Amino acid sequence: IESLHATFLQTQRSWIFLPTQVRFLISQDGRVFEQAAVVENPVSPREDGAIIHEFAAPLRGVSARFVRIEAANLGQCPNWHPGAGGKAWLFADEVVVTPVNEPRP
């Protein structure tokens with residue numbers, strides 16, 4: 001695998017926030033997973049409007065048969081938000097696994 005990518009949406013007025021971090025895990029057998037990369041969210045939860053953000057992990061030729069992606073949800077809307085204390089939503093769009101020597105779509 002050359003790289004892993006996962007895309008998420010933030011529309012904070014609709015209580016939808018980007019994950020605080022995304023963990024990419026890989027496995028050969030589908031049972032035992034090891035962490036391949038952790039990508040922190042650089043976008044402020046206060047950022048207004050519809051934001052589509054891609055979390056990318058360059059792996060540079062790592063071999064794996066299975067991939068797992070764990071996205072950390074904010075949990076609750078922050079104190080400054082009109083929905084403070086309410087459930088924060090997490091919306092994922094697509095996951096892309098780029099094989100070695102293949103251009104990314």
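Residue indices begin at 1 and follow the sequence shown. Since the structure is predicted, the reported quantities are computational estimates derived from the model, not experimental observations.
In the displayed structure, Asp48 atom CG is contacted under 6.0 Å by more than 12 heavy atoms of other residues, nucleotides or ligands.
Separation of atoms CG (Leu74) and CG (Asn41) is listed at 9.5 Å; rounding is to 0.5 Å. Expressed to the nearest 0.5 Å, how far CD of Gln76 lies from CG of Asn79 amounts to 9.0 Å.
Using a 4.5 Å heavy-atom threshold, the side chains of Leu9 and Ile51 count as separate. Between Leu59 and Ser3, the closest side-chain pair of non-hydrogen atoms is not below 4.5 Å. Contact check for Pro82 versus Trp15: no side-chain heavy atoms found under the 4.5 Å cut-off. At a threshold of 4.5 Å between non-hydrogen side-chain atoms, the residues His53 and Pro42 count as touching. No side-chain heavy atom of Trp89 sits less than 4.5 Å from a side-chain heavy atom of Phe17. Annotation: side chain of Ile1 is not in contact with side chain of Thr98 (no heavy-atom distance under 4.5 Å). When side chains are defined from C-beta on, Gln12 does not count as touching Glu47, because their heavy atoms never get closer than 4.5 Å. When side chains are defined from C-beta on, Leu4 counts as touching Val67, because their heavy atoms get closer than 4.5 Å.
Ring pair Phe8/Phe91: centre-to-centre distance not below 6.0 Å.
The two residues Gln28 and Phe66 make their nearest non-hydrogen contact at O-CE1, 3.7 Å. Looking at every heavy atom in both residues, Ile26 comes nearest to Ala64 through CB-CB, 3.6 Å. The shortest non-hydrogen separation linking Val100 to Gly61 is CG2-CA, 3.5 Å. Here the closest heavy-atom approach between residue Glu40 and residue Thr20 is recorded as OE1-O, 3.6 Å. Contact record, Cys77 with Gly83: CB-O, 3.3 Å, taken as the closest heavy-atom pair. Contact record, Val39 with Ala56: CG2-O, 3.4 Å, taken as the closest heavy-atom pair.
Checked by atom type and distance alone, the side chain of Gln10 pairs as donor or acceptor with a backbone atom of Leu18 at under 3.5 Å. Without hydrogens or angle criteria, Thr11 side chain to Arg13 main chain gives no donor-acceptor distance under 3.5 Å. Counting only distance, with no hydrogens or angles, the side chain of Asn73 and the backbone of Ala88 share a donor-acceptor pair below 3.5 Å. Side chain of Ser27 to main chain of Asp29: a donor-acceptor pair is present (N/O by atom type, distance under 3.5 Å, no hydrogens or angles).
At a threshold of 4.5 Å between side-chain heavy atoms, the hydrophobic network of Ile, Leu, Val, Met, Phe, Trp and Tyr places Val96 and Ile69 in two separate groups.
Using modelled atom types, one finds no donor on one side chain facing an acceptor on the other under 3.5 Å when comparing His5 with Thr7. One side chain, Gln35 or Arg23, offers a donor N or O that lies under 3.5 Å from an acceptor on the other.
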